[in-house]
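Structure first, then comments.
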Amino acid sequence: MPNSDSPSSSQDESGDLTCSVCDQPAKGKHFGAIACRACAAFYRRADACKTNVKACKKGGKCQSLVNNNGWFDCKYCRLQKCYQVGMNTTNFQFDRDPISTKFKGSEVPKSMECFLGRPHCVIFVKPEKVQVKKDLIDCNDLMKKATKIFVELAEALQNMEKSHTSGPVKLVTKYGKEEVLSFFEQDFLKATSWFSYYNEFTELETETKLEMMQAMWHVWSRLYKLATAANGKRRKVCEDQLLLISHESEYTVMDLTKIEFDYSCFIDNTENSFLYKLVDYMVDLKPSDAELSFMICQACFHYAGQRFSGKIAETCEKFEKKLADDLHDFYVDEWRMPNYSGRLSLMLRINNWIKEDIWKCRQKQEIADLFDVYCIEYSHPEIFKDI
């Protein structure tokens, strides 16, 4: 029987069809004949292995002996009946699969091998790495300057609340490679100078201090920028959604919603940063110099303790304990405030939000490193981790 009927038409009429083999309700056309699924399955198995079908015991005269359930008493006669009604393996309909019928064209959808142009056996083999020339950011001079600060104990920023409050305001509209590296260098050296006035920190070996500064400087920078922005907002130097950063003798103001960012060198963390969202909390808190120093040291030492292990982690833990004792003495002895849990809770909450921002930056950096999206590399990569 020719295979002219489409599968859709045969299936639409299947409710009124009767199997040509066993007279039971049929489910469409199978192997070129109207048949139920049971007879179609029987024919597929029986025709494939005819030698296993034993000859009829009644000489082929029992093909009409079908019981009430539609079952033949003889496999041989049932197979012969299939042949009589026109069932043939050459009439197999390849387009009955509802998934395959979606593709009306003659072209078979491309496999991964065709799409990638490589055999399946080598798809998962690591390809040869493409060599891309990257600009090297040499930080050796920066490390020498930091070492000089530690050795000579250069003047640091002792009073962050009062510094640079009357200088001119500069609006930054582009945040490219040169601007980023300039800010990074100034922040790193300022953080180094600031920690050089922490007595316990200065007692450490120079190599240990440099290693810790490579991790802590950007945490210091986040809190320093936050405190400076809050101070500028209180004095109405900057508006909402503007990040105000004090550098040298002037204020630097950035509109985080409009600034042009160079994505080829660094990940853009300005728009989604917690920094400008925390300014109002900092304005309400209005921390004193002692409280701000505690917030910066606690955030930096806690981060360094988690990033490093061994001796540095133990040192940071000791520093944090001493900071807590000193803050308690400050509240009780100077401010006469034995119940300071509310202010301490808000300070630690702001620090924890900054830590969450750092972990989000790390996730972005890991993805960027995985896909090798940066066009620069560093002589000291540890300095730029989690920034």
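Outside the 6.0 Å centre-distance limit, the rings of W194 and Y224 are not counted as a close aromatic pair.
With values rounded to the nearest 0.5 angstrom, Q214 atom CD is found 9.5 Å from T192 atom OG1. Note that the OG atom of S341 and the CG atom of L348 stand 11.0 Å from one another [nearest 0.5 Å]. Between the CE atom of M143 and the CG atom of D138 there is a distance of 11.5 Å, given to the nearest 0.5 Å. From L344, atom CG reaches atom CZ of R349 across 11.0 Å, with rounding to the nearest 0.5 Å. With rounding to the nearest 0.5 Å, the separation of CD in E291 from CG in L285 is 6.0 Å. Between the CG atom of L278 and the CG atom of L226 there is a distance of 5.5 Å, given to the nearest 0.5 Å.
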Y378 and K385: CA distance, side-chain angles, deciding distance, side-chain contact (heavy atoms from CB on, under 4.5 Å) verdict:
CA-CA 11 Å; Y378 310 99; K385 184 177 181 180; over 6 Å; no

Between L142 and L189, does the side-chain contact (heavy atoms from CB on, under 4.5 Å) criterion hold? Intermediate values first, please.
CA-CA 8 Å; L142 179 63; L189 295 179; 3.8 Å; yes

Can you check side-chain contact (heavy atoms from CB on, under 4.5 Å) on F31 and R44, steps first, answer last?
CA-CA 9 Å; F31 297 103; R44 183 177 65 251; 3.9 Å; yes

May I have the step-by-step check of side-chain contact (heavy atoms from CB on, under 4.5 Å) for V21 and Q84, ending in yes or no?
CA-CA 9 Å; V21 180; Q84 292 176 11; over 6 Å; no

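Of the possible donor and acceptor atoms, none in the side chain of S221 sits under 3.5 Å from a partner among the backbone N and O of H218. No donor-acceptor pair closer than 3.5 Å links the side chain of Q24 to the backbone N or O of C39. Put simply, the side chain of S345 never gets that close to the backbone of G342: no donor and acceptor are under 3.5 Å apart. Under the 3.5 Å distance criterion, the side-chain polar atoms of W217 are matched with a main-chain donor or acceptor of I383.
Minimum interatomic distance between C36 and H30 (heavy atoms only, all atoms of both residues): O-CD2, 4.2 Å. In this structure, Q298 and L323 approach most closely via the heavy-atom pair N-CD1, 3.8 Å. Here the shortest heavy-atom pairing between M282 and I350 reads SD-CD1, 3.9 Å. When all heavy atoms of L223 and I296 are compared, the closest pair comes out as CD1-CA, 3.6 Å. Residues M216 and A304 share a closest heavy-atom pair of CG-CB, 3.8 Å. Of all the heavy atoms in W220 and C300, the pair that sits closest is N-SG, 3.6 Å.
Between F301 and F319, the two ring planes are tilted [angle within 30° to 60°]. The aromatic rings of Y43 and Y83 sit perpendicular to each other, their planes meeting at more than 60°, with 30° as the lower class boundary.
Side-chain contact check for C316 versus F308: every heavy-atom pair is 4.5 Å or farther apart. Counting heavy atoms from C-beta on, the side chains of R307 and I312 never come closer than 4.5 Å. The shortest side-chain heavy-atom distance between F195 and M212 does not fall under the 4.5 Å cut-off. Contact of the F42 side chain with the L79 side chain is registered, since non-hydrogen atoms from C-beta on lie closer than 4.5 Å. Side-chain contact check for F201 versus K209: some heavy-atom pair is nearer than 4.5 Å. Using a 4.5 Å heavy-atom cutoff, the side chains of K322 and D326 are in contact. Within the 4.5 Å cutoff, no side-chain heavy atoms of T315 are placed close to those of T208. When side chains are defined from C-beta on, L292 does not count as touching M347, because their heavy atoms never get closer than 4.5 Å.
Environment of OH in Y281: sparse, with no more than 12 heavy atoms of neighbouring residues, nucleotides or ligands closer than 6.0 Å. Annotation for Q306: atom CD counts as buried by contact number, over 12 foreign heavy atoms lying within 6.0 Å. Counting heavy-atom neighbours within 6.0 Å of R362 CZ, excluding the residue itself, gives a total above 12.
Considering F330, W335, Y331, F294 as possible partners of Y340, the one that fulfils the ring-ring contact (aromatic ring centres under 6.0 Å, His included) test is Y331.
Connection of W359 to F384 is established within a shared hydrophobic cluster, with ILVMFWY side chains joined at heavy-atom distances below 4.5 Å, either directly or through further cluster members.
Salt bridge status for E200 with K318: absent, with no side-chain N to carboxylate O gap under 4.0 Å.
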